[in-house]
2 protein chains.
Amino acid sequence: MEYTIGQVAKQLGLSTPTLRYYEDEGLLSGVRRTEGGRRVYTESDLEALRVIECLKHTGLSIKEISDFVKMVSRGDESIPDRLELFRERRDQVKTQQAELAHMQEILVFKCWYYEKALELGSEAAVRALPNSKVPKRLREVRNYLGSFD
Amino acid sequence: MEYTIGQVAKQLGLSTPTLRYYEDEGLLSGVRRTEGGRRVYTESDLEALRVIECLKHTGLSIKEISDFVKMVSRGDESIPDRLELFRERRDQVKTQQAELAHMQEILVFKCWYYEKALELGSEAAVRALPNSKVPKRLREVRNYLGSFD
DNA sequence: ATACAAGTTAAAGTAAACTTTAAGTCAAGC
DNA sequence: GCTTGACTTAAAGTTTACTTTAACTTGTAT
């Protein structure tokens with residue numbers, strides 16, 4: 001199957017200027033053109049774009065992704081470098097996941113806090129609650145945050 | 001305990017200009033000053049900054065955080081709004097976690113892929129492997145990504 | 001008392017990742 | 001054959017979140 005820039009944009013949730021921008025920045029090269037100069041995306045271009053989206057979502061900048069693409073075009077010789085890049089990414093995402101889990105704890109505490117405030121009629125009343133009235137798993141977060149809203 | 005701007009910066013891993021910038025943007029108000037005009041941060045300022053960091057790390061922009069701070073200063077009346085904000089954040093982080101887990105699968109696949117490529121001497125050799133030679137839990141990702149590097 | 005590190009302000013500068021604009025070209029439907 | 005919507009380019013503009021600069025003041029250590 002082959003696609004126009006508009007169809008690809010829709011599928012990936014990107015805008016058409018963004019797709020052109022990615023090409024300008026070297027994230028995608030060798031996109032075929034029609035006689036009239038319009039881009040024609042193949043299934044394989046879509047696959048490349050999916051990996052690009054993955055790298056983007058795990059925190060790589062456009063520049064770093066373009067460096068990766070350059071590696072790819074160096075062929076098998078760059079396999080060790082690419083392995084290193086993906087290992088780094090994998091480890092970094094693990095860290096990110098731990099951090100996000102911590103943030104989630106804070107948010108869960110905050111939801112409890114404001115539900116209680118709504119129930120009791122004021123923040124002050126929630127702050128005045130003894131730790132024994134706070135769900136066990138939220139106590140640690142409460143200590144970490146202190147008395148702030 | 002009370003702290004200078006430099007001490008706070010160190011503790012939170014921010015720069016001193018960033019702390020001043022946050023104040024300018026309304027993320028933190030009422031920071032006390034010495035006679036000579038220097039900022040004095042209290043324990044409670046630190047707690048506020050920890051919540052700000054949490055909101056930032058879960059994807060809120062500076063503007064959105066400043067809107068939250070404005071809510072706080074409206075007092076108990078804004079509790080329902082604040083509850084809604086934290087519920088939204090909590091749900092959004094859950095989505096983010098799912099997405100990150102998906103990205104992690106891709107990265108784990110890529111690490112396997114390049115380890116295998118290193119072992120076999122080329123990418124082509126890995127691509128040529130039948131699905132039966134691919135660890136079970138990685139097969140789905142392999143199909144999703146297709147044949148791209 | 002004096003040096004100097006750390007603080008102060010306002011304003012300008014930066015980097016990243018797009019988005020918008022302007023001026024046109026292409027191709028599908030009537 | 002003509003309109004219209006989707007495409008093309010190059011260049012300028014935008015937003016976000018800081019950072020840097022410059023000129024100055026404060027407070028601590030010798």
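In what follows, every chain begins at residue 1, and chains take the letters A, B, ... in the order their sequences are listed.
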Using whole Å, what does the distance between atom P of nucleotide D/dG27 and atom CD of B/Q7 come to? 14 Å
Those residues at least two apart in sequence (or on a different chain) that pass side-chain contact (heavy atoms from CB on, under 4.5 Å) with A/N143 are A/N131
Students should find that the end-to-end axis angle of the helix from C/dA1-D/dT30 to C/dC30-D/dG1, with five pairs defining each axis and rounding to 10 degrees, is 10°
In this structure, how many angstroms lie between the C1' atom of D/dT8 and the OH atom of A/Y41, rounded? 12 Å
Could you check how far CD1 of A/I52 sits from P of C/dC18, rounded to whole Å? 12 Å
Output yes when at least one side-chain N/O atom of A/R39 is less than 4.0 Å from OP1 or OP2 of D/dC7, else no. no
Pairs meeting criterion salt bridge (charged side-chain N to carboxylate O under 4.0 Å, His left out) with involvement of residues 54-64 of chain B, two or more places apart: B/E53-B/K56, B/K63-B/D67
Under the side-chain hydrogen bond (donor to acceptor under 3.5 Å, both in side chains) rule, collect the residues that match up with A/E115, sequence neighbours excluded. B/R87
I'd like to compare against my own output: the B/S/- annotation of nucleotides 11-19 of chain D with a strict under-4.0 Å heavy-atom distance to protein. ------BBS
When rounded to whole Å, the CD to P distance for the pair B/E23 and C/dG7 reads 14 Å
Check: residues 92-101 of chain A side-chain donor-acceptor pairs under 3.5 Å, at least two apart:
| unit_1 | atom_1 | unit_2 | atom_2 | d |
| --- | --- | --- | --- | --- |
| A/Q92 | OE1 | A/R89 | NH1 | 3.1 |
| A/T95 | OG1 | A/D91 | O | 3.2 |

OP1 or OP2 of C/dG7 less than 4.0 angstrom from a side-chain nitrogen or oxygen of B/T16, does that happen here? no
Heavy atoms under 4.0 Å is the rule here; annotate nucleotides 24-30 of chain C 5' to 3' with B where the base is hit, S where only the sugar-phosphate is, and - elsewhere. -BBS---
In whole angstroms, the gap separating P of D/dA10 from CG of A/D24 amounts to 8 Å
Which residue pairs satisfy the side chain to side chain donor-acceptor pair (under 3.5 Å) criterion with at least one member in residues 29-41 of chain A, sequence neighbours excluded? A/E2-A/R32, A/E23-A/R39
Stepwise salt bridge (charged side-chain N to carboxylate O under 4.0 Å, His left out) test for A/E119 and A/K116: CA-CA 5 Å; A/E119 188 186 317; A/K116 217 63 187 160; 3.3 Å; yes
Partner set under side-chain hydrogen bond (donor to acceptor under 3.5 Å, both in side chains) for A/E43, not counting sequence neighbours: A/Y3
Could you tell me the separation between the CZ atom of B/R20 and the C1' atom of C/dA10, rounded to a whole number of Å? 12 Å
Without decimals, in angstroms, what is the distance between A/R32 CZ and D/dT8 P? 14 Å
Just by modelled atom types, is the B/T4 backbone N or O under 3.5 Å from a matching donor or acceptor in the B/Q7 side chain? yes
side-chain hydrogen bond (donor to acceptor under 3.5 Å, both in side chains) partners of A/R137, counting only residues at least two apart: none
Without placing hydrogens or testing angles, list every side-chain donor-acceptor pair under 3.5 Å for residues 71-81 of chain B, not counting sequence neighbours.
| unit_1 | atom_1 | unit_2 | atom_2 | d |
| --- | --- | --- | --- | --- |
| B/S73 | OG | B/K70 | O | 2.8 |
| B/R74 | NE | B/E77 | OE2 | 3.1 |
| B/R74 | NH2 | B/E77 | OE2 | 3.3 |
| B/R74 | NH2 | B/D81 | OD2 | 3.2 |
| B/D76 | OD1 | A/E123 | N | 3.2 |
| B/S78 | OG | B/M71 | O | 2.6 |
| B/S78 | OG | B/G75 | O | 3.0 |
| B/S78 | OG | B/R82 | NE | 3.0 |
| B/S78 | OG | B/R82 | NH2 | 3.3 |

Rounded off to whole Å, could you give me the CD1-to-C1' distance for the B/I5 and D/dT25 pair? 15 Å
Would you say a side-chain N or O of B/R33 is under 4.0 Å from OP1 or OP2 of D/dT25? no
Using side-chain hydrogen bond (donor to acceptor under 3.5 Å, both in side chains) as the criterion, list what pairs up with B/S15, not counting sequence neighbours. B/T18
